[in-house]
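Report on the following structure.
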Amino acid sequence: MPVIVPPGTGRVLTAFGDTLTVKVSGEQTGGAFALGEAVTPPGGGPPLHCHEREDELFQVLEGRVSFFAEDKWSEFGPGAVVFLPRGLPHTFRNTGPTPARLSVLVQPAGFEVFFARCATEFNQPGGPDMARIMAIADEHGLRIMGPPPA
């Protein structure tokens, strides 16, 4: 069954200071992959982490983004594509003065479920219970390893 997602649509989730619009979910692809569009504010980005179950592919659509992998930071602008295989500790941060927009493909799907569950926690009154966030990460094969390296 084809999936058609018009511009400006998708499931919008907010967690970790980022907004992820899920364009195509694992439910729609039989678990093969999920595709989203992330918006990260200036200075924002996830903690250092490692996916045990999925590979990630990013394309920078707008802004300047530095990716950390294999003990080094590399900065890119629009058009850059970064592939991060499962098992590789990594992170990224928006190094520009405006929000960065990235296309994010995960294969197989599942990360979008993790992010949705975390978004629910982040939207609780008083903010997230970080022990619960860590438990959700563990359930989804995601190891959060600490703050981004300097």
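In what follows, residues are counted from 1 in the order of the sequence shown. As the structure is a prediction and not an experimental result, all values here were calculated from the model.
Remark: Phe67 pairs with Phe58, Phe92 by the ring pair (Phe, Tyr, Trp, His ring centres under 6.0 Å) rule, at least two apart or across chains. A search for side chain to side chain contact (heavy atoms under 4.5 Å, CB included) contacts involving Pro128 returns Glu121, Phe122, Met130, Ile133, not counting sequence neighbours. For Ser74, the side chain to side chain contact (heavy atoms under 4.5 Å, CB included) partners are Lys72, Phe76, not counting sequence neighbours. In terms of the side-chain hydrogen bond (donor to acceptor under 3.5 Å, both in side chains) criterion, residue partners of Glu62 (sequence neighbours excluded) are, by chain and number, Arg101. Applying the side-chain hydrogen bond (donor to acceptor under 3.5 Å, both in side chains) rule to Thr21 yields no partners; only residues at least two apart in sequence or on another chain are considered. Checked against side chain to side chain contact (heavy atoms under 4.5 Å, CB included), Pro41 has the following partners two or more places apart in sequence or in another chain: Asp18. Partners of Phe33 under the ring pair (Phe, Tyr, Trp, His ring centres under 6.0 Å) rule, at least two apart in sequence or in another chain, do not exist in this structure. Residues satisfying the side chain to side chain contact (heavy atoms under 4.5 Å, CB included) test with Pro108, not counting sequence neighbours, are Glu54, Arg86.
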Contacts table for residues 2-10: side-chain donor-acceptor under 3.5 angstrom, sequence neighbours left out:
unit_1	atom_1	unit_2	atom_2	d
Thr9	OG1	Pro6	O	2.6

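Considering all non-hydrogen atoms of both residues, Gly87 and Pro89 come closest at O-CD, 3.4 Å. What you find for Ile136 and Cys118 is that their closest heavy atoms are CG2-SG, 4.1 Å. Summarising the geometry of Gln59 relative to Gly79, their closest heavy-atom pair is NE2-O, 3.9 Å, with the distance given to 0.1 Å. The two residues Glu112 and Leu13 make their nearest non-hydrogen contact at O-CD1, 4.1 Å. For the pair Pro46 and Pro148, the tightest heavy-atom approach, listed with the atom from each and the gap, is O-CG, 3.6 Å. Looking at every heavy atom in both residues, Pro42 comes nearest to Gly96 through CB-O, 3.3 Å.
Under a hydrophobic-cluster definition in which Ile, Leu, Val, Met, Phe, Trp and Tyr are linked whenever side-chain heavy atoms come within less than 4.5 Å, directly or via other members, Phe16 and Val22 are assigned to the same cluster. Leu48 and Phe115 are not part of a single hydrophobic cluster, where members link through side-chain heavy atoms under 4.5 Å apart. Residues Val39 and Val81 fall into different hydrophobic clusters, defined by Ile, Leu, Val, Met, Phe, Trp and Tyr side chains chained together at heavy-atom separations under 4.5 Å. By the criterion of side-chain heavy atoms lying less than 4.5 angstrom apart, applied directly or through intervening Ile, Leu, Val, Met, Phe, Trp or Tyr residues, Val65 is not grouped with Phe83; the two fall into different hydrophobic clusters.
Within a 6.0 Å sphere centred on CD of Glu75, heavy atoms belonging to other residues, nucleotides or ligands number more than 12.
A donor-acceptor pair is defined here as one N or O able to donate and one able to accept, closer than 3.5 Å; such a pair exists between the side chain of Asn94 and the backbone of Thr40. Looking only at distances, a side-chain donor or acceptor of Trp73 sits under 3.5 Å from a matching main-chain atom of Pro149. A distance-only check finds no donor-acceptor pair linking the side chain of Gln28 to the backbone of Gly26 [under 3.5 Å].
His90 and Glu56 share a side-chain donor-acceptor pair at under 3.5 Å.
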Begin with the C-alpha distance, continue with both residues' side-chain angles, and end with the deciding distance and a verdict on side chain to side chain contact (heavy atoms under 4.5 Å, CB included) for Leu57 and Val82. CA-CA 6 Å; Leu57 180 83; Val82 177; over 6 Å; no
Check the pair Thr29 / Val24 against side chain to side chain contact (heavy atoms under 4.5 Å, CB included), numbers first and verdict last. CA-CA 8 Å; Thr29 66; Val24 179; 3.4 Å; yes
Could you please spell out the steps behind the side chain to side chain contact (heavy atoms under 4.5 Å, CB included) verdict for Asp55 and Leu84? CA-CA 6 Å; Asp55 301 321; Leu84 299 166; over 6 Å; no
CA sep, side-chain torsions, deciding dist, call: Cys50, Met145, side chain to side chain contact (heavy atoms under 4.5 Å, CB included): CA-CA 8 Å; Cys50 181; Met145 304 167 80; 3.9 Å; yes
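Sorted by first then second residue, the side-chain hydrogen bond (donor to acceptor under 3.5 Å, both in side chains) pairs that include residues 123-135, not counting sequence neighbours, number zero. The stretch residues 139-150 participates, sequence neighbours left out, in these side-chain hydrogen bond (donor to acceptor under 3.5 Å, both in side chains) pairs: Glu52-Arg143, Arg117-Glu139, Arg117-His140.
Between the CG atom of Leu102 and the CG atom of Leu61 there is a distance of 6.5 Å, given to the nearest 0.5 Å. The CG atom of Leu105 sits 12.0 Å away from atom CZ of Phe111, with the distance rounded to the nearest 0.5 Å.
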